[in-house]
Amino acid sequence: ALLALAGAGLLSACSGGSGGGSKPTPPASMVMDPHFQRQWYLANDGSLGIKGADINAEKAWAITQGSAAVTIAILDDGVDLGHEDLQAKIVPGFDVVDGDSIASPNPWDGHGTACAGIAAAVTGNSRGIMGIGARVKIMPVRIAQKAKGGGNWVVRAADIETGFREAVNRGAQLLSISWVGAAPINK
């Protein structure tokens, strides 16, 4: 997806770029959510980080805001299934850790929920943030967890593979994989 955006001239280089100098503004047809101004990665005006180091979301949104026919699987520590900015976008997923279809994180885990919001939070509801794919669906696939109190994630190589297979077999067209630092358990 990033290569397609870069090829279409919609992705600025992270070291700088030709991004605009004004505050980010969603297309007129989109209602701005309250934390949009903090989402520097959508349209960075330089007030946070490097001016133009962003994905030029406004230009992309002028072309498309995604499609409800597209599902992004979030392979992570789960997604909060009751989150007000995500609930309407969630399709049935899979919890590899527990072996069931309820891919909710432990109360102390939240990385997958944050990743799901960045990818596809409900946009224009005057709450939270604006998801990049305003119309796409989210499939939570829980492949990892942390011990209570912190520490590294615990994940097995076989669980990662199962998560990939389950996501594809359940209809995900895109896989979001945003994790590092897990303590591998190859059992």
Side-chain angles (χ1 to χ4, degrees), residues 1-5 33-36 38-39 41-42 55 57 60 64-187:
L2 290 178
L3 291 177
L5 287 172
D33 289 334
H35 297 299
F36 178 71
R38 295 180 184 172
Q39 292 181 267
Y41 50 87
L42 298 178
I55 64 169
T64 184
Q65 294 172 25
S67 166
V70 174
T71 299
I72 301 174
I74 307 294
L75 287 92
D76 212 290
D77 62 3
V79 172
D80 179 353
L81 305 178
H83 192 287
E84 68 180 359
D85 234 7
L86 303 175
Q87 189 174 23
K89 307 293 257 352
I90 295 175
V91 300
F94 188 72
D95 188 331
V96 179
V97 175
D98 292 340
D100 59 31
S101 63
I102 304 169
S104 293
N106 288 322
W108 53 87
D109 288 330
H111 188 263
T113 301
C115 291
I118 291 167
V122 173
T123 296
N125 63 349
S126 300
R127 294 185 172 147
I129 66 170
M130 295 181 73
I132 295 167
R135 296 188 179 125
V136 302
K137 298 292 185 184
I138 300 166
M139 178 188 296
V141 180
R142 184 172 176 234
I143 59 166
Q145 64 180 337
K146 285 184 186 175
K148 189 172 184 176
N152 288 335
W153 282 7
V154 176
V155 63
R156 298 177 330 135
D159 289 348
I160 295 170
E161 179 182 354
T162 299
F164 287 0
R165 290 183 194 280
E166 286 292 334
V168 171
N169 290 342
R170 292 168 186 253
Q173 291 87 9
L174 298 169
L175 305 180
S176 170
I177 307 153
S178 173
W179 35 265
V180 296
I185 300 174
N186 292 312
K187 295 181 183 177

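Below, each value reflects all heavy atoms present in this structure, side chains not excepted, and no hydrogens, waters or symmetry copies.
Annotation for Asn106 and Gln145: closest pair ND2-OE1, 3.4 Å, computed over non-hydrogen atoms. In terms of heavy-atom proximity, Pro140 sits nearest to Ala103 at O-CB, 3.5 Å. For the pair Arg170 and Met139, the tightest heavy-atom approach, listed with the atom from each and the gap, is O-CE, 3.4 Å. Shortest non-hydrogen contact noted between Val97 and Ala144 is CG2-N, 3.7 Å. Taking both residues in full, the closest heavy atoms of Ile118 and Ile129 are given as N-CD1, 3.8 Å, listed atom of the first, atom of the second, then distance. The two residues Ser126 and Asp33 make their nearest non-hydrogen contact at N-OD1, 2.9 Å.
Considering CD1 of Ile143 and CD1 of Ile177, their distance stands at 7.5 Å, rounded to 0.5 Å. A distance of 5.5 Å separates CD1 in Ile55 from CG in Leu42, rounded to the nearest 0.5 Å. Here the straight-line distance linking atom CG of Leu81 with atom OG of Ser104 works out to 3.5 Å at 0.5 Å rounding.
In this structure, the side chain of Thr113 engages the main chain of Asp80 through a donor-acceptor pair within 3.5 Å. In this structure, the side chain of Thr123 engages the main chain of Gly131 through a donor-acceptor pair within 3.5 Å.
Partners of His83 under the ring-ring contact (aromatic ring centres under 6.0 Å, His included) rule, at least two apart in sequence or in another chain, do not exist in this structure. With sequence neighbours left out, Thr162 forms a side-chain contact (heavy atoms from CB on, under 4.5 Å) with Phe94, Val96, Glu166. In terms of the side-chain contact (heavy atoms from CB on, under 4.5 Å) criterion, residue partners of Ala120 (sequence neighbours excluded) are, by chain and number, Lys89, Val136, Ile138. Partners of Glu84 according to the side-chain contact (heavy atoms from CB on, under 4.5 Å) rule, which considers only residues two or more places apart in sequence or in another chain, are Arg127. Annotation: salt bridge (Lys or Arg N to Asp or Glu O under 4.0 Å) contacts of Arg38 (sequence neighbours excluded): none. Every residue was checked against the salt bridge (Lys or Arg N to Asp or Glu O under 4.0 Å) condition with Arg135, not counting sequence neighbours, and none meets it. Listed by chain and number, the residues in a salt bridge (Lys or Arg N to Asp or Glu O under 4.0 Å) with Asp85 amount to none (sequence neighbours excluded). Scored by the side-chain hydrogen bond (donor to acceptor under 3.5 Å, both in side chains) test, Arg165 finds Glu161 as partners (sequence neighbours excluded). The side-chain hydrogen bond (donor to acceptor under 3.5 Å, both in side chains) check on Asp77 picks up nothing, with sequence neighbours excluded.
Applying the ring pair (Phe, Tyr, Trp, His ring centres under 6.0 Å) rule to pairs touching residues 126-152 yields nothing, sequence neighbours excluded. Every pair passing ring pair (Phe, Tyr, Trp, His ring centres under 6.0 Å) that includes a residue from residues 99-138 is listed here, sequence neighbours excluded: His111-Trp153. Residue pairs meeting the side-chain hydrogen bond (donor to acceptor under 3.5 Å, both in side chains) criterion with at least one member in residues 92-101, sequence neighbours excluded: Asp95-Arg142, Asp98-Arg142.
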